[in-house]
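In what follows, a single structure is set out as structure tokens and then discussed.
Keep in mind it's a predicted model, so treat the numbers as computed, not measured. Counting starts at 1 for both ligands and their atoms, following the listed order.
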Amino acid sequence: MALLDILVYPDPRLRRTAQPVAIVDESVRRLVDDMTETMYAAPGIGLAAVQVDRNERIIVIDASEDHSSLNVFINPTIVDRSGELECEEGCLSLPGVYAPVTRSQRVHVTAINRDGDAFELEAEDLLAVCIQHEIDHLEGIVFVDYLSRLKHDRIRKRLEKEARRKSPEGANHAAITL
Ligand code: GNR
Ligand code: NI
């Protein structure tokens with residue numbers, strides 16, 4: 001397994017639209033495993049392939065506290081949704097940025113798993129929020145897109161400035177909470 005580099009906003013590669021996976025072969029399984037390791041190491045509760053510069057419709061999620069609930073979604077589709085929920089979101093591609101976003105409280109998802117088998121899942125609350133956040137990444141959408149233009153600009157300028165400073169590994173990102 002290998003740790004992958006996570007793209008940081010406003011990297012334009014985060015704006016690409018991921019393509020469906022045709023066959024779950026060894027290379028897809030290797031990517032899933034590397035994404036899982038990268039998510040746990042970050043640490044994060046989800047990761048989309050676009051964030052590690054791979055344009056494929058693959059996401060991994062584990063919203064548990066003990067790495068006990070890994071969910072792998074290949075070619076995920078939300079087929080039904082209901083309710084509303086506001087959640088304070090963060091993103092591994094926006095280090096130190098947290099802001100409330102309103103999403104559906106419940107989603108019904110269809111996808112393919114790591115073995116190539118189709119499955120469906122009804123998710124609520126944090127898991128549902130995370131699924132929506134990750135599927136957005138596959139469409140080139142990041143959560144700050146839902147914030148006001150003013151907040152969005154403030155975050156973009158801040159992260160551009162940090163990138164110019166080429167902050168070395170381990171630089172601490174003072175939290176931006178909106
Ligand atoms: O680790 C993450 N935490 C999180 C918290 C609230 C809502 C969504 C997320 S996803 C995020 C990891 C990430 O950036 N996935 O794309
Ligand atoms: Ni994210």
Check: of E134, E89, H133, min heavy-atom distance to atom 6 (C) of ligand 1 comes from E89
Does [X] come within less than 4.0 Å of [Y], counting only side-chain N to carboxylate O?
X   : Y    : value
R29 : E26  : yes
R30 : D34  : no
R16 : D53  : yes
R57 : E134 : no

Derivation of the side-chain contact (heavy atoms from CB on, under 4.5 Å) call for D33 and R114: CA-CA 9 Å; D33 294 345; R114 192 182 174 284; 2.8 Å; yes
For [X], the ligand 1 atoms whose distance to one of its heavy atoms is below 4.0 Å:
X    : result
G90  : 4 (C), 5 (C), 6 (C), 8 (C), 9 (C), 10 (S), 11 (C)
H137 : 16 (O)
E88  : 6 (C)
G44  : 1 (O)
C91  : 14 (O)

Please write down residue, atom name and distance for the protein heavy atom closest to atom 2 (C) of ligand 1. I45 CG1, 3.5 Å
Among non-hydrogen protein atoms, atom 14 (O) of ligand 1 lies closest to L92 N, 2.8 Å
Would you check the N or O atoms of G46, main chain and side chain alike, for any that come under 3.5 Å of an N or O of ligand 1? yes
Has ligand 1 got any nitrogen or oxygen that is less than 3.5 angstrom from a nitrogen or oxygen of V129? no
Only one of L92, I58, I6 passes side chain to side chain contact (heavy atoms under 4.5 Å, CB included) with V52, and that residue is I6
As a test of understanding, state which of E89, E86, E88 forms a salt bridge (charged side-chain N to carboxylate O under 4.0 Å, His left out) with R103. E89
The Ni ion (ligand 2) has as its nearest N, O or S atom from H133 the atom NE2
Counting only heavy atoms not in D5 (residues, nucleotides, ligands), do more than 12 fall under 6.0 Å from its CG? no
